[in-house]
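Take a look at the structure set out below.
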Amino acid sequence: MKHFDTNTFKVTKPIKINETSTTFDLGLSKKELKKELEDVREALGELQDVMYAHGKYGVLVCLQGMDTAGKDSLIREVFKDFNSRGVVVHSFKVPTKLELRHDYLWRHYIALPERGKFSIFNRTHYENVLVTRVHPYYIPGENIPSVNSVDDIDDDFWAKRFEQINNFEKHIAENGTIIFKFFLNISKDEQKNRLLRRLELKEKNWKFSPGDLEERKLWGKYQECYEDALNKTSKPHAPWFTIPSDDKKTARYIVAKIIYDTLKEYTDIKAPELDDDIKANLELYKKQLESE
């Protein structure tokens, strides 16, 4: 596998998104990059089998990014070799009536991974400090006792929400959930190209919505909100990684490699050993089957 310092992409100090590159040269040809991704996702699949048997840790993978950032295709390509029983993908959209009858973290909490499994959040609990911050008129719909109108939403409101998210992640990390948070960082020009492809290619037309263009007009505000979220919630137990995503294949490999390299650091993750009594009688069990 291609070696690179995964800390290159980890948010360990305050960043400015407009100074963070959306491209990265791995020094690989297209053929080599394809082979590297195949190798690391196969290794990830094997590791997931061990984690399932080990049954001590769950893994939460959070994917955030502007429209067209490549979240769906990344999920498809990175987790292709996983046993289907070991990974669940959750795509969080506008909250349902039931979800709005609970606090905003409830629907994310109940989607957390079981021990031994992976949960992929395609859009995450961070929508509650991104979309709702760009469009604060969504907040009164949450029926929070202290918020009766948009006028009640001030800086203290957002500071408390960041604190709540940090506490949520600290709690689940302390109880066995390994957290990865990836911001798929694309340029505004690349988003334009991808939106145009959705319009030009008939098979991709279904992905396009006029609302995409309205949200694009708010690019600057979204970048400010992403920057604030990354800087206020990247913690050692739940770090953010900014992934250069103008090239989808490069982004997929970087994400897969970060997950694999990080999980390999958990030296306690091992397949459980058989009880001594069973181990001592393996040949006997084998003969019993062969004699049928």
Side-chain angles (χ1 to χ4, degrees), residues 4-26 59-71 74 92 104-105 108 121-136 139 153-174 177-191 215-247 250-251 253-259 261-262 265:
F4 58 86
D5 185 2
T6 56
N7 288 320
T8 301
F9 310 101
K10 185 183 291 187
V11 178
T12 57
K13 59 184 179 181
I15 66 165
K16 291 187 177 296
I17 289 179
N18 62 4
E19 297 176 2
T20 304
S21 180
T22 59
T23 62
F24 187 79
D25 184 7
L26 287 166
V59 178
L60 174 62
V61 178
C62 298
L63 299 176
Q64 284 287 162
M66 296 294 287
D67 289 335
T68 77
K71 297 181 290 295
L74 185 148
F92 294 102
Y104 70 94
L105 287 172
H108 305 287
F121 283 7
N122 182 352
R123 298 191 184 276
T124 72
H125 43 294
Y126 283 94
E127 293 290 283
N128 297 284
V129 289
L130 294 168
V131 172
T132 54
R133 202 169 181 189
V134 175
H135 302 288
I139 295 294
I153 305 168
D154 54 15
D155 289 344
D156 285 344
F157 174 87
W158 296 115
K160 287 178 181 178
R161 188 154 280 199
F162 282 125
E163 182 182 9
Q164 291 159 1
I165 288 174
N166 282 328
N167 289 338
F168 165 68
E169 292 176 349
K170 184 177 181 181
H171 169 70
I172 64 175
E174 289 175 347
T177 300
I178 302 170
I179 305 169
F180 296 93
K181 301 184 298 192
F182 298 107
F183 169 56
L184 304 187
N185 189 21
I186 63 170
S187 65
K188 194 173 183 181
D189 285 343
E190 179 59 23
Q191 189 197 56
E215 291 296 277
R216 179 173 165 79
K217 293 176 184 177
L218 300 169
W219 179 276
K221 180 62 176 176
Y222 271 107
Q223 297 298 292
E224 290 175 11
C225 292
Y226 268 109
E227 185 173 292
D228 206 23
L230 268 60
N231 288 332
K232 289 181 177 176
T233 63
S234 190
K235 306 294 181 181
H237 59 272
W240 275 105
F241 295 87
T242 58
I243 307 300
S245 299
D246 277 1
D247 181 76
T250 297
Y253 177 68
I254 292 173
V255 167
K257 192 70 164 56
I258 288 172
I259 295 173
D261 286 355
T262 302
E265 293 176 1

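Residue numbers start at 1 and run along the sequence shown. All of these numbers come straight from a predicted model, not from anything done at the bench.
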Stepwise side chain to side chain contact (heavy atoms under 4.5 Å, CB included) test for Phe183 and Val11: CA-CA 10 Å; Phe183 169 56; Val11 178; over 6 Å; no

Steps toward side chain to side chain donor-acceptor pair (under 3.5 Å) verdict (Asp246, Thr22): CA-CA 6 Å; Asp246 277 1; Thr22 59; 2.8 Å; yes

His108 vs Phe121, side chain to side chain contact (heavy atoms under 4.5 Å, CB included): CA-CA, chis, key distance, verdict: CA-CA 9 Å; His108 305 287; Phe121 283 7; 4.0 Å; yes

Stepwise side chain to side chain contact (heavy atoms under 4.5 Å, CB included) test for Leu63 and Leu74: CA-CA 9 Å; Leu63 299 176; Leu74 185 148; 4.0 Å; yes

Working for side chain to side chain donor-acceptor pair (under 3.5 Å), residues Thr242 and Asn185: CA-CA 6 Å; Thr242 58; Asn185 189 21; 5.7 Å; no

His125/Cys62 under side chain to side chain contact (heavy atoms under 4.5 Å, CB included): CA gap, chis, key distance, verdict: CA-CA 9 Å; His125 43 294; Cys62 298; 3.9 Å; yes

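Asn128 places a side-chain heavy atom less than 4.5 Å from the side chain of Arg161. Put simply, the side chain of Phe9 does not reach to within 4.5 Å of the side chain of Thr20, judged on heavy atoms. Side-chain contact between Ile186 and Leu184: absent, with no pair of heavy atoms (C-beta onward) separated by less than 4.5 Å. Residues Ile254 and Phe182 fail the side-chain proximity criterion, which asks for heavy atoms closer than 4.5 Å. Between Arg133 and Trp158, some side-chain heavy-atom pair lies under the 4.5 Å cut-off.
For the pair Asn231 and Lys13, the tightest heavy-atom approach, listed with the atom from each and the gap, is OD1-O, 4.1 Å. Taking both residues in full, the closest heavy atoms of Ser234 and Trp240 are given as OG-N, 2.9 Å, listed atom of the first, atom of the second, then distance. Here the shortest heavy-atom pairing between Ile17 and Tyr226 reads CD1-CB, 3.6 Å. For the residue pair Leu218 and His135, the shortest heavy atom distance occurs at CD1-CE1, 3.4 Å. Of all non-hydrogen atoms in Ala251 and Pro244, the two that sit nearest each other are CB-O, 3.7 Å. Between Ile179 and His237, the shortest heavy-atom distance links the atoms CB-O, 4.0 Å.
Within a 6.0 Å radius of CG in Asp155, other residues, nucleotides and ligands contribute 12 heavy atoms or fewer. Lys188 NZ: more than 12 foreign heavy atoms inside a 6.0 Å radius.
Asp154 contributes a side-chain N or O that, together with a main-chain N or O of Phe157, makes up a donor-acceptor pair within less than 3.5 Å. Looking at Gln64, its side chain does come within 3.5 Å of a backbone N or O of Thr124 through a donor-acceptor pair. In terms of modelled atom types and a separation under 3.5 Å, the side chain of Asn166 and the main chain of Lys232 share a donor-acceptor contact.
For residues 215-226, the set of pairs meeting the salt bridge (charged side-chain N to carboxylate O under 4.0 Å, His left out) definition, not counting sequence neighbours, comprises Glu214-Lys217.
When the salt bridge (Lys or Arg N to Asp or Glu O under 4.0 Å) test is applied to Glu169, the partners found at least two apart in sequence or on another chain are Lys181. Every salt bridge (Lys or Arg N to Asp or Glu O under 4.0 Å) that Asp67 has, sequence neighbours left out, goes to Arg123.
Summarising the geometry, atom OG1 belonging to Thr8 is positioned 10.0 Å from atom CD1 belonging to Ile243; distances are rounded to the nearest 0.5 Å. Rounding to the nearest 0.5 angstrom, the gap separating the CD1 atom in Ile258 from the CZ atom in Phe241 is 5.0 Å. Atom CE of Met66 is separated from atom CD of Glu190 by 13.5 Å, given to the nearest 0.5 angstrom. Taking CD1 of Ile153 as the reference point, atom CG of Asp156 lies at 13.0 Å (rounded to 0.5 Å). Taking NZ of Lys257 as the reference point, atom OG1 of Thr262 lies at 9.5 Å (rounded to 0.5 Å).
With no hydrogens or angles considered, a side-chain donor-acceptor pair links Tyr126 and Thr233 at under 3.5 Å.
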